[in-house]
Amino acid sequence: MAARSKFAKAKSKSAAKSKSAAKKTAKKVIKLKTKKLAARANGKGLPRPSSKPWGEAGRALEGVKILDFTHVQSGPTCTQLLAYMGADVIKVERPGIGDITRGQLRDVKGADSLYFTMLNGSKRSITIDSKHPKGKEILDRLVKECDVLVENFAPGALDRMGLTFEHIHKLNPRMVVASVKGFGPGPYEDCKVYENVAQCAGGSASTTGFRDGPPLVTGAQIGDSGTGLHLALGIVSALYQRVRTGRGQKVLCAMQDGVLNLARVKLRDQQRLKAGPLTEYSQYGEGVPFGKATPRAGNDSGGGQPGWILKCKGWEEDPDAYIYFITQAPVWSAICDLIGKPDWKTDPDFATPPARLPRLKQIFAAIEEWTTTKTKFEVMEICNKHDIPVGPILSMKEIAEEPSLRATGTVVEVDHPTRGRYLTVGNPIKLSDSPADVRRSPLLGEHTDEILRKVLKLSEKEIADIKVSGAITAPEKPAKAEAA
Ligand code: CAO
């Protein structure tokens, strides 16, 4: 009996123990689940951004080496973005000359131009004469070391250097070879192309400007920088595919194609013309017949919500005292109240979007009467309270001085050894685990030694031989003849 009761006691003790352990585990599980649920409820269900500084967490393109043969704007825009994402961009430049833009539009004597410095940040520069036999040897070694070659020479120039796709792939089958050209295969493929040529050939110029004026090019560099952006996407896609195939590939972006991609809504309108006039274009309301092609639409809004640029207080002196005003249908009542036309809310000529289309000129004139009594920022403040979409026309001065753009790293100030501090556009693409790495542009050939030593691991003797060969230095200028 005593033994039994001892046993029973022990049993009930161990049962109580395991019961409490089970209770504890259950409590833990519930606590964890509640924590998870609470986190989800707080909108924190997604993985949190890394709390480590980028130096520890690594940047998005850390380890990717880019052999950068780009010049002027389109190619450099692409490689600068990749450098901001953490790639090691090695810019190859002609000894003594470098990228032609170093000397173009100079504002500080003897210093690299802003044209160059704002397109080549966070890169390293090596000078190599790509037509010199020793230069070709160095390039072949760099091809073996790098992941991507990017170029935007005139058609055929890379091949003339001996860097055909076949040659590159024999040396390094994993290499992605990315090019910007003016046109894709077709009648114009051999043409040299600059920004405005691309804007014209890509359908932007014919659809920009006012109906009664000539075609216009835009200030935004959609041909150059726009194509550079497209190329960057092509490169990261090819790198991603290489993870599966182990093979590099060619990436080609034609500037004409890039511009057309950005102007696609105008090709949409071209097709809509077959079904009748484009009712959201103000020319419809003005009774002007449509021709065979998408017309220039002035400042009409591209979507189905009519919009226009309107004068604001001070427009007589300030060329940027304007605001873009969109008469979005859901806020029509608020607009009518603001501009002192409450009767337009119910007037059948103005109450519905289709009724307003033929009267847009009259409507925007009435809104402008109101906007000219306020500054563009006052209009912005008032309209935002009513969810009316408006956009102040910001000058480059205002953008350069805007603190919020500095705070997000979209506008960055960097130091430069020969020009001093300058502003540049940082990375407009924000990655939570990979803050942009925005550094100054390199001086011509600043990293030649470093790259030969650390990337190619050449010996002192090899470097000395290269230096005397003339492959990395500008040819000596002929000595002036002695005066007789
Ligand atoms: N060492 C030796 N030679 C070099 C060199 C180096 N490191 N880097 C370049 N060169 C040579 C090239 O091999 C080429 O020589 P060849 O014509 O004898 O083969 C020469 O320099 C110039 O190349 P290019 O024809 O590309 O330059 P360009 O100034 O005459 O033309 C541009 C410029 C932009 C019109 C042309 O490159 C082009 O059409 N590129 C494609 C489209 C493009 O990107 N346009 C945007 C430009 S930004 O507005």
Side-chain angles (χ1 to χ4, degrees), residues 67-80 90-105 113 115-116 118-120 123-140 142-143 149-164 167 177-186 188-202 204 217-232 234-235 251-259 442 444-445 447-448 451 466 469-475:
L67 188 53
D68 180 8
F69 262 114
T70 66
H71 65 156
V72 203
Q73 187 183 163
S74 64
T77 314
C78 164
T79 50
Q80 180 170 259
I90 298 170
K91 184 169 172 105
V92 178
E93 296 183 83
R94 205 194 311 220
I97 301 167
D99 188 325
I100 188 115
T101 60
R102 283 188 185 267
Q104 284 178 340
L105 312 176
S113 70
Y115 194 177
F116 177 84
M118 290 179 73
L119 285 162
N120 291 283
K123 304 180 187 178
R124 299 200 271 177
S125 165
I126 181 171
T127 49
I128 306 174
D129 179 347
S130 61
K131 289 175 178 160
H132 190 288
K134 203 88 187 158
K136 284 178 190 285
E137 258 177 52
I138 305 169
L139 284 172
D140 280 358
L142 279 169
V143 165
L149 184 153
V150 192
E151 62 95 19
N152 68 310
F153 290 127
L158 196 69
D159 288 0
R160 287 196 290 276
M161 286 179 185
L163 289 170
T164 60
H167 176 74
V177 182
S179 306
V180 168
K181 294 289 165 261
F183 293 92
Y188 305 122
E189 65 187 306
D190 290 330
C191 298
K192 290 191 174 185
V193 168
Y194 284 103
E195 171 68 46
N196 290 346
V197 176
Q199 287 199 25
C200 294
S204 174
V217 292
T218 74
Q221 305 286 281
I222 58 175
D224 278 337
S225 290
T227 309
L229 256 170
H230 283 92
L231 193 71
I235 290 170
V251 179
L252 170 67
C253 280
M255 295 166 75
Q256 181 185 37
D257 301 5
V259 171
L444 178 60
H447 305 97
T448 303
I451 290 161
I466 290 170
S469 75
I472 57 170
T473 43

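Note that ligands are numbered from 1 as they come in the structure, with each ligand's atoms numbered from 1 the same way. The chain is numbered in sequence order, starting from 1.
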S.K.: Name the closest protein heavy atom to atom 40 (N) of ligand 1, giving the residue it belongs to and the distance to 0.1 Å.
M.R.: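 Nearest neighbour among protein heavy atoms for atom 40 (N) of ligand 1, to 0.1 Å: N152 O, 2.9 Å.
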S.K.: Considering only heavy atoms, which of G228, A154, G223, S179 lies nearest to atom 25 (O) of ligand 1?
M.R.: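 Ranked by closest heavy atom to atom 25 (O) of ligand 1, first place is A154.
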S.K.: Suppose we measure from atom 20 (C) of ligand 1 to each protein heavy atom; which comes out shortest, and what is that distance?
M.R.: R94 NH2, 3.9 Å
S.K.: To which protein heavy atom is atom 9 (C) of ligand 1 closest, and what is the distance rounded to 0.1 Å?
M.R.: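 The answer is F153 CE2, 3.4 Å.
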S.K.: Can you name the atoms of ligand 1, numbered from 1 with element, that are less than 4.0 Å from a heavy atom of I128?
M.R.: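 Result: 1 (N), 6 (C), 7 (N).
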S.K.: At their closest point, which heavy atom of N120 faces which heavy atom of Q80, and how far apart are they?
M.R.: N-OE1, 3.0 Å
S.K.: Could you report the tightest heavy-atom contact between C78 and G228, atom names first, then the distance?
M.R.: CB-O, 3.2 Å
S.K.: For I100, does the CD1 atom sit with more than 12 other heavy atoms under 6.0 Å from it, leaving out its own atoms?
M.R.: no
S.K.: Check the side chains of S74 and N152 for a donor-acceptor pair under 3.5 angstrom, ignoring hydrogens and angles.
M.R.: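 Short answer, yes.
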S.K.: Do any nitrogen or oxygen atoms of V193 lie less than 3.5 angstrom from nitrogen or oxygen atoms of ligand 1?
M.R.: yes
S.K.: Can you tell me which residue and heavy atom of the protein come closest to atom 28 (P) of ligand 1, and the distance to 0.1 Å?
M.R.: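 Answer, as residue, atom name and distance: K192 NZ, 3.6 Å.
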S.K.: Determine whether the side chain, the backbone, both or neither of R160 has a heavy atom under 4.0 Å from any heavy atom of ligand 1.
M.R.: side chain
S.K.: Looking at non-hydrogen atoms alone, which of M161, H132, Q73 comes nearest to atom 12 (C) of ligand 1?
M.R.: M161
S.K.: Using a 3.5 Å cut-off on N or O atoms only, is K181 in polar contact with ligand 1?
M.R.: no
S.K.: What is the closest protein heavy atom to atom 32 (C) of ligand 1, and at what distance does it sit?
M.R.: Y194 OH, 4.0 Å
S.K.: Kindly say whether Q104 contributes a backbone atom to a donor-acceptor pair with the side chain of T101 at under 3.5 angstrom?
M.R.: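 No.
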S.K.: Students should be able to answer this: which protein heavy-atom is nearest to atom 3 (N) of ligand 1, and at what distance?
M.R.: S130 OG, 3.6 Å
S.K.: Of all the heavy atoms in S74, does at least one lie under 4.0 Å from an atom in ligand 1?
M.R.: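 Yes, S74 has a heavy atom closer than 4.0 Å to ligand 1.
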S.K.: Does S225 use its side chain to pair, donor to acceptor, with the backbone of I222 at less than 3.5 Å?
M.R.: no
S.K.: For a quick test of reading the model, state the closest non-hydrogen atom pair linking I138 to I466 and the distance between them.
M.R.: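 Heavy-atom minimum between the residues: CD1-CG2, 3.7 Å.
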S.K.: Which pair of non-hydrogen atoms, one from S130 and one from L139, has the smallest distance, and what is that distance?
M.R.: CB-CD1, 3.5 Å
